[in-house]
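First comes the structure, then the notes that go with it.
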Amino acid sequence: MPTTGGAAYIGPMTMTPTSTSFAVTERPERRSAEEIAQLLESPGFGNLFTEHMALIDWDREQGWHDPRVVPYGPIQLDPSAAVFHYAQEIFEGMKAYRHADGSIWTFRPERNAERFNASARRLAMPELPPTMFLDAIKEVVTVDQGWVPSADSGETSLYLRPFMIATEEALGVRPSNRYLFSVICSPAGAYFSGGLKPVSLWVSEHYVRAAAGGTGAAKCGGNYASSLASQAEGIEHGCDQVVFLDAQEHRYVEELGGMNLFFVYADGRVVTPELTGTILPGVTRSSLIELARERGLDVQERRFTIDEWREGVASGEITEVFACGTAAVITPVGRLAWNGGELEMAGGHELTLSLRQELLDIQYGRAEDRHGWLYKLV
Ligand code: COI
C-alpha cells in the first residue's frame with residue numbers, strides 16, 4: 001500500500017501494483033540514429049531532451065492512475081495550478097549508464113524512490129509506490145534507449161529527472177487535490193562546463209539554505225530557488241558554487257545546495273557533515289561513505305565547522321576536499337573564499353580521483369557490482 005503523505009494529506013489508499021502497465025504513444029516520426037549521434041556529440045548538461053516522457057496522474061478519488069509514455073513536449077496547466085503559487089514540487093536526479101554489452105543500468109534507484117517519498121511527505125504530497133517510480137523510469141528509458149550514450153563516450157550518460165507537481169486549479173493555501181508525476185530524460189556530459197577541474201566555493205554569510213524543521217532534507221524546487229541569490233553572490237566573487245552554513249550558529253558546514261561535501265585528512269580520517277535534517281541525504285554521499293570505509297578509512301559523519309576547514313587546510317592536516325552528487329559525480333574543491341579571505345587546497349586530489357574512478361567503474365559496469373547497486377533498465 002502506498003502510505004499517505006504528511007499530516008495534511010488525506011487521500012485514498014490504492015493497492016501497490018507489482019508492475020505498472022504504461023500506455024505508450026510514440027512520436028510518429030522518430031529521430032534517426034545519425035541525428036541522435038550528432039546531438040550526443042557534446043550534450044552539455046540539462047539542455048537536450050529525449051523524445052518521450054512518462055506521466056502518471058493522481059487525484060483524491062482515483063489515487064495514481066493513467067500511467068503513460070507520450071511524446072516529450074509542453075505540459076498544459078491552468079495559470080492557477082497550485083505549483084505556480086505555493087511551490088508544491090519535488091524531484092529526483094538519477095542517471096542511466098550504457099555498459100559495454102549495450103545493456104542499460106541505473107544506480108540504487110530504490111534510494112531515489114524512498115527519498116522521493118520522504119520529500120513528498122514533507123511537502124504534503126501523495127507518495128508514489130516505488131514500483132511505479134521504477135517502472136516509469138524503465139518504461140521511458142526503454143522507449144528512448146537510443147538516446148543513452150555509448151559505453152565508450154567517456155562519462156556521458158542519460159540524466160533522469162523524475163518530478164511531481166501540484167496541478168489543481170486553486171489559490172487556497174492547502175495541499176493540492178491533484179498532482180502529476182513525470183520522468184524526463186536528458187543526455188548529459190560533465191555537469192561543470194570546465195570538465196573535471198577543481199571548483200571554487202564561496203562561503204555564504206548572508207543567506208542560509210535550510211533551518212531545523214524546514215525542507216532542507218527534501219529535494220524540492222524551493223530549496224534550489226532560494227539558493228540562487230547566494231549562488232549569484234558566489235559568482236560575483238569569482239566562485240563556482242556556494243557553501244551553506246547552519247542557520248543557527250552560522251559555523252557548521254552543511255552542503256553546496258546541489259552537492260554534499262567531504263574532507264580528507266592526511267591521517268586517513270574522512271569527515272562529512274552529518275545528516276541533521278537540514279542536509280540532502282545524497283545517494284552518492286552514502287555510496288562514497290561505504291566505498292571509503294571498505295578502504296579502511298575512518299569515515300566520520302559529524303558536525304564540522306568552517307574554522308576546522310580553514311585551520312585544517314592551513315595546518316596541512318586536511319589534504320583534500322571534494323563535493324559529490326549524481327549530476328557532477330565527484331568534484332575536487334580547489335579554493336574556498338569568504339568575505340575577507342580565501343584559501344587554496346594544495347593537494348593532488350588522489351583519494352578524490354580514485355574514489356571517483358571506483359564509483360564510475362561500478363556505474364558503467366567496468367568493475368564488479370559487489371554491493372548490488374545496479375538496476376537493469378534495458
Ligand atoms: C543531482 O546531482 O542530480 C542534482 O539534483 C543536483 C542538481 C543538478 C540539481
Side-chain angles (χ1 to χ4, degrees), residues 43-50 87 89-97 105-120 122-123 133 137 141 148-149 155-165 182-196 199 201 209-210 215-232 234-235 240-244 254-262 272-273 275 278-289 322-333 352 355-356 359-360 363 373 375:
F45 182 86
N47 307 313
L48 173 67
F49 298 92
T50 65
E89 189 273 350
I90 57 171
F91 68 96
E92 277 299 318
M94 304 161 71
K95 281 178 173 170
Y97 309 90
W105 303 72
T106 191
F107 185 74
R108 309 188 78 180
E110 65 294 338
R111 289 294 190 106
N112 297 90
E114 273 169 31
R115 188 173 65 184
F116 193 68
N117 281 341
S119 302
R122 182 62 186 84
L123 275 281
F133 182 94
I137 287 164
V141 172
V148 183
E155 278 173 31
T156 27
S157 59
L158 187 66
Y159 186 76
L160 309 172
R161 174 52 64 89
F163 66 98
M164 192 202 312
I165 55 173
S182 178
V183 184
I184 57 172
C185 310
S186 175
Y191 182 69
F192 292 111
S193 52
L196 188 58
V199 291
L201 305 180
R209 175 182 171 274
T215 57
K219 205 162 172 65
C220 58
N223 288 345
Y224 295 79
S226 73
S227 75
L228 298 178
S230 36
Q231 178 69 21
I235 289 168
D240 305 305
Q241 294 280 305
V242 170
V243 185
F244 291 99
E254 300 240 299
E255 58 156 282
L256 300 192
M259 282 183 279
N260 296 118
L261 278 166
F262 282 76
T272 189
L275 302 176
T278 54
I279 296 177
L280 192 82
V283 178
T284 310
R285 174 189 180 279
S286 88
S287 308
L288 290 174
I289 290 173
F322 63 84
C324 67
T326 299
V329 196
I330 300 175
T331 305
V333 173
T352 303
L355 281 173
R356 184 175 206 279
L359 184 63
L360 287 170
Q363 291 171 331
W373 283 345
Y375 178 92

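Indexing begins at 1, ligand by ligand and atom by atom, following the structure's order.
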Indicate yes or no: at least one non-hydrogen side-chain atom of Q241 is less than 4.5 angstrom from one of M259.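 Yes - at least one pair of side-chain heavy atoms lies under 4.5 Å apart.
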Tell me, do V243 and L256 make a side-chain contact under 4.5 Å, heavy atoms counted?
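Touching, per the 4.5 Å side-chain cut-off.
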>> With a 4.0 Å cut-off on N to O distance, would you call R209 and E254 a salt bridge?
In response: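 Salt bridge flag = no for E254 with R209.
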Please enumerate all residues that pass side-chain contact (heavy atoms from CB on, under 4.5 Å) together with F91, with sequence neighbours excluded.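 Listed in chain order: E89, R161, F163, K219, Y224.
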Quiz prompt | Test item: R122 side-chain N/O and G216 main-chain N/O as donor-acceptor pair under 3.5 Å | solution =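 Checked: no pair found.
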Could you check ligand 1 for N or O atoms lying under 3.5 Å from protein N or O atoms and list the pairs with distances?
residue, atom, partner, partner atom, Å
ligand 1, 2 (O), T326, N, 3.1
ligand 1, 2 (O), A327, N, 2.8
ligand 1, 3 (O), Y159, OH, 2.6
ligand 1, 5 (O), K219, NZ, 2.6

Legend entry - Plane angle bin for F133 and F116 - parallel if under 30°, tilted between 30 and 60°, otherwise perpendicular: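 Rings of F116 and F133: tilted, 30 to 60°.
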